[in-house]
Amino acid sequence: MKTIKAAAILFISFTVLGLGVIGIRSFLRSQASKVSSPIEPTHLSKVDQRIAQAQQLIETMPNKSDGYNQLASAYMQKARETADFGFNARADDTITRSLLIEPDNYDALKLRAKLQLTYHRFAEALETARRAQAIRIDDHDVWGQLTDALVELGDYPAAVKSAQRMIDLRPDSSSYARVSYLRSLHGDTYGAIQAMNAAVRAADPNDREAMAWCRVQLGNELMNAGKLAEAESQFDDALRIFPDHRLGLHAKARARIANGDLQAAVEIYERDYSRSASADTAQALGDLYKLLGREDLGKSWYEKFEPLEKENATIERSWRHMLNYWLDHDKNLEEALVLATKEYEVRKDIFTCDSLAWALFKNGRVKEAKKMIDETLRTGSRDARINYHAGLIFRSMQMRDKAAKYLRRAAAMNSGFDPIQYQTAQRLLAAL
């Protein structure tokens with residue numbers, strides 16, 4: 001269990017996976033001030049007590065970096081627990097103050113790299129993590145940050161080596177989670193489940209958010225293996241551990257979709273959106289209402305999605321989610337191709353390659369799409385969306401056997417990956 005070997009590759013850190021796709025998308029809904037006024041230490045929340053203690057330390061020693069580092073760490077934990085990602089803005093400002101006091105203080109560099117990963121600024125995170133590593137070479141957390149950044153930039157061989165070093169230094173929950181993701185990216189679904197089970201067992205019982213996060217990721221891997229009942233059980237456990245956990249709620253909704261219970265998924269998403277407006281939630285509701293034959297409601301949710309997602313793209317410095325939406329809904333196809341090409345110039349991970357392949361295909365550039373989907377498939381990933389795109393591209397090239405292989409894989413692995421595209425995959429598979 002300790003060794004990654006060639007079949008592994010990372011599962012972005014708790015910060016990125018726990019907050020990234022859904023979390024950062026709530027960022028502009030909750031803009032926060034800078035280092036806020038002190039919180040009374042009598043507040044019941046443990047993380048609020050940490051914030052209050054750190055603020056008191058800053059008052060006592062304003063010219064030392066320790067208090068600022070503790071406050072930034074607590075703010076980031078608060079963001080994870082509450083889905084109020086304005087706390088990450090406070091953390092960013094607090095880290096800046098720490099580095100002004102001590103420009104090369106190690107803890108602040110680690111926190112900055114972690115926050116840059118959350119913001120999807122992967123090249124910057126890689127640079128910052130390397131600065132930290134130059135100070136302290138044997139910190140397994142920094143090896144994890146390096147792994148995260150390398151994976152997102154598409155340098156998988158280097159990511160494998162980095163993750164192997166991390167787990168050699170300390171085989172804990174975060175190490176096992178990365179092993180799980182690396183294995184998943186390389187098509188080793190059984191190995192990914194095995195490693196994620198280890199992450200669940202090793203999770204800190206005092207950190208309910210981290211425990212719930214691990215359960216959700218385990219459930220996701222089980223869904224990719226077609227084990228829907230087991231997957232949904234993990235999502236239910238996550239929500240018992242940490243009620244209203246946003247990743248858990250979205251995972252539960254996908255499980256209901258996979259079971260054909262679209263109305264239950266609608267109720268979950270609408271309840272979540274009422275708590276905090278989210279582009280992902282709005283898009284999911286648009287798709288579900290479209291499937292339910294309520295085109296009017298579907299259109300209204302899509303109209304909510306686009307302005308929210310444009311704000312997200314500004315924060316993330318990435319238009320991938322928006323352009324994938326356009327491509328799936330046959331909108332702004334030429335602009336989507338321009339944006340996908342720009343994304344590929346910066347990142348070469350398989351999901352960026354997939355977006356470019358899909359954009360080329362939708363713009364009628366089938367031969368180029370085939371070349372790009374071949375690059376996407378280089379790791380052997382069993383991601384349902386990637387396999388669905390591969391199936392359509394190979395079908396357009398009259399490669400019937402390969403088209404059937406990938407469409408069958410997409411339909412069998414995870415019927416909740418996209419309710420609209422899943423139905424298309426089933427129809428095309430039947431025709432083939």
Side-chain angles (χ1 to χ4, degrees), residues 12 15-17 19-31 85 88-89 92 115-126 148-155 250 276-287 299 301-365 368-369 371-373 375-376 381 383-386 388-389 392-393 417-418 420-421:
I12 283 274
T15 299
V16 180
L17 285 181
L19 309 185
V21 175
I22 292 172
I24 195 68
R25 300 184 181 287
S26 301
F27 178 84
L28 287 173
R29 310 279 69 75
S30 55
Q31 280 294 330
F85 298 97
N88 283 333
D92 195 20
L115 198 56
Q116 286 167 337
L117 288 167
T118 302
Y119 286 150
H120 295 185
R121 298 173 183 173
F122 301 114
E124 295 174 40
L126 181 63
D148 296 347
L150 289 165
V151 164
E152 289 298 317
L153 294 170
D155 190 348
H250 284 229
S276 177
S278 160
D280 298 273
T281 309
Q283 182 186 352
L285 284 165
D287 289 344
K299 182 180 178 181
W301 281 107
Y302 289 145
E303 289 172 351
K304 290 183 176 70
F305 161 78
E306 293 212 31
L308 290 171
E309 184 54 37
K310 285 177 181 177
E311 293 175 344
N312 294 331
T314 301
I315 295 295
E316 293 179 1
R317 301 182 186 179
S318 169
W319 285 83
R320 183 198 290 173
H321 194 67
M322 177 67 87
L323 68 89
N324 282 336
Y325 165 79
W326 285 340
L327 294 169
D328 288 345
H329 296 80
D330 293 315
K331 297 179 62 176
N332 305 331
L333 297 182
E334 292 183 3
E335 184 178 357
L337 178 56
V338 171
L339 292 172
T341 302
K342 289 181 179 179
E343 293 270 328
Y344 181 75
E345 290 171 357
V346 177
R347 298 169 62 185
K348 302 294 191 295
D349 64 289
I350 60 173
F351 300 104
T352 301
C353 293
D354 175 58
S355 292
L356 181 53
W358 193 227
L360 288 163
F361 172 77
K362 285 285 189 168
N363 279 274
R365 295 164 61 172
E368 295 169 85
K371 181 179 179 181
M372 189 54 58
I373 205 65
E375 184 174 347
T376 303
S381 170
D383 178 83
R385 184 178 180 87
I386 285 175
Y388 168 70
H389 292 163
L392 264 64
I393 291 168
F417 80 95
D418 184 307
I420 295 177
Q421 310 299 338

Could you tell me whether the side chain of Leu285 reaches within less than 4.5 Å of the side chain of Phe305, counting heavy atoms only?
no
Check: Ala359 main-chain N/O paired with Asn363 side-chain donor or acceptor under 3.5 Å
yes
Could you tell me whether Lys362 and Glu334 make a salt bridge, using a distance below 4.0 angstrom between a side-chain N and a carboxylate O?
no
Could you tell me whether a side-chain N or O of Asn332 sits under 3.5 Å from a main-chain N or O of Glu335, the two making a donor and an acceptor?
no
Please determine, by modelled atom types, if His321 and Glu316 share a side-chain donor-acceptor pair under 3.5 angstrom.
no
What closest approach, in Å, do Ile350 and Ser381 show between heavy atoms, and which atom pair accounts for it?
CD1-CB, 3.7 Å
State the CZ-OG distance between Arg121 and Ser318, to the nearest 0.5 angstrom.
12.0 Å
Would you compute the distance between atom CG of Leu117 and atom CG of Asp148 and round it to the nearest 0.5 angstrom?
5.5 Å
Criterion side chain to side chain contact (heavy atoms under 4.5 Å, CB included) on Lys331 and Leu323, from CA distance to verdict:
CA-CA 9 Å; Lys331 297 179 62 176; Leu323 68 89; over 6 Å; no
Side chains of Glu309 and Asn312: any donor to acceptor distance under 3.5 Å?
yes
Please report the interatomic distance OG1(Thr281) to CH2(Trp301), rounded to the nearest 0.5 Å.
8.0 Å
Evaluate salt bridge (Lys or Arg N to Asp or Glu O under 4.0 Å) for Asp155 paired with Arg347, printing each intermediate quantity in order.
CA-CA 9 Å; Asp155 190 348; Arg347 298 169 62 185; over 6 Å; no
Would you give the length of the straight line joining atom CD of Glu152 to atom CG of Leu150, rounded to the nearest 0.5 angstrom?
10.5 Å
Do Tyr302 and Asp287 pair up side chain to side chain, a donor and an acceptor below 3.5 Å, judged on atom types alone?
yes
Any luck finding a side-chain donor-acceptor pair between Ser278 and His250 under 3.5 Å?
no
Is there a side chain to side chain contact (heavy atoms under 4.5 Å, CB included) between Glu124 and Arg317? Walk through the geometry before answering.
CA-CA 12 Å; Glu124 295 174 40; Arg317 301 182 186 179; 2.5 Å; yes
Euclidean distance, Leu337 CG relative to Leu327 CG, rounded to 0.5 Å:
8.5 Å
Do you know which two heavy atoms are closest between Ile373 and Ala357, and how far apart they sit?
N-CB, 3.7 Å
State, without any angle test, whether Glu343 and Ser355 hold a side-chain donor-acceptor pair at a distance under 3.5 Å.
no
Do Thr376 and Asp354 have side-chain atoms, one donor and one acceptor, less than 3.5 Å apart?
no
Can you tell if the side chain of Leu339 reaches within under 4.5 Å of the side chain of Arg320, non-hydrogen atoms only?
no
Which pair of non-hydrogen atoms, one from Cys353 and one from Glu375, has the smallest distance, and what is that distance?
SG-OE2, 3.6 Å
Looking only at heavy atoms, what is the nearest atom pair of Ala149 and Phe122, with distance?
CB-O, 3.6 Å
Do Val151 and Asp349 pass the side chain to side chain contact (heavy atoms under 4.5 Å, CB included) test, and can you show the C-alpha distance, the side-chain angles, and the key distance before you say yes or no?
CA-CA 7 Å; Val151 164; Asp349 64 289; 6.0 Å; no
What pair of heavy atoms forms the shortest contact from Ala369 to Phe361, and how long is it?
CB-N, 3.6 Å
Report the relative orientation of the aromatic rings in Tyr325 and His329; use parallel for angles under 30°, tilted for 30 to 60°, perpendicular for over 60°.
tilted
Determine whether Phe351 and Asp383 satisfy the following criterion, side chain to side chain contact (heavy atoms under 4.5 Å, CB included), listing intermediate values before the conclusion.
CA-CA 10 Å; Phe351 300 104; Asp383 178 83; 3.9 Å; yes
cation_pi(Lys348, Tyr344) dist<6.0 Å, angle<=45:
yes
Just verifying a value: how many Å separate Met372 CE and Leu356 CG, rounded to the nearest 0.5 Å?
4.5 Å
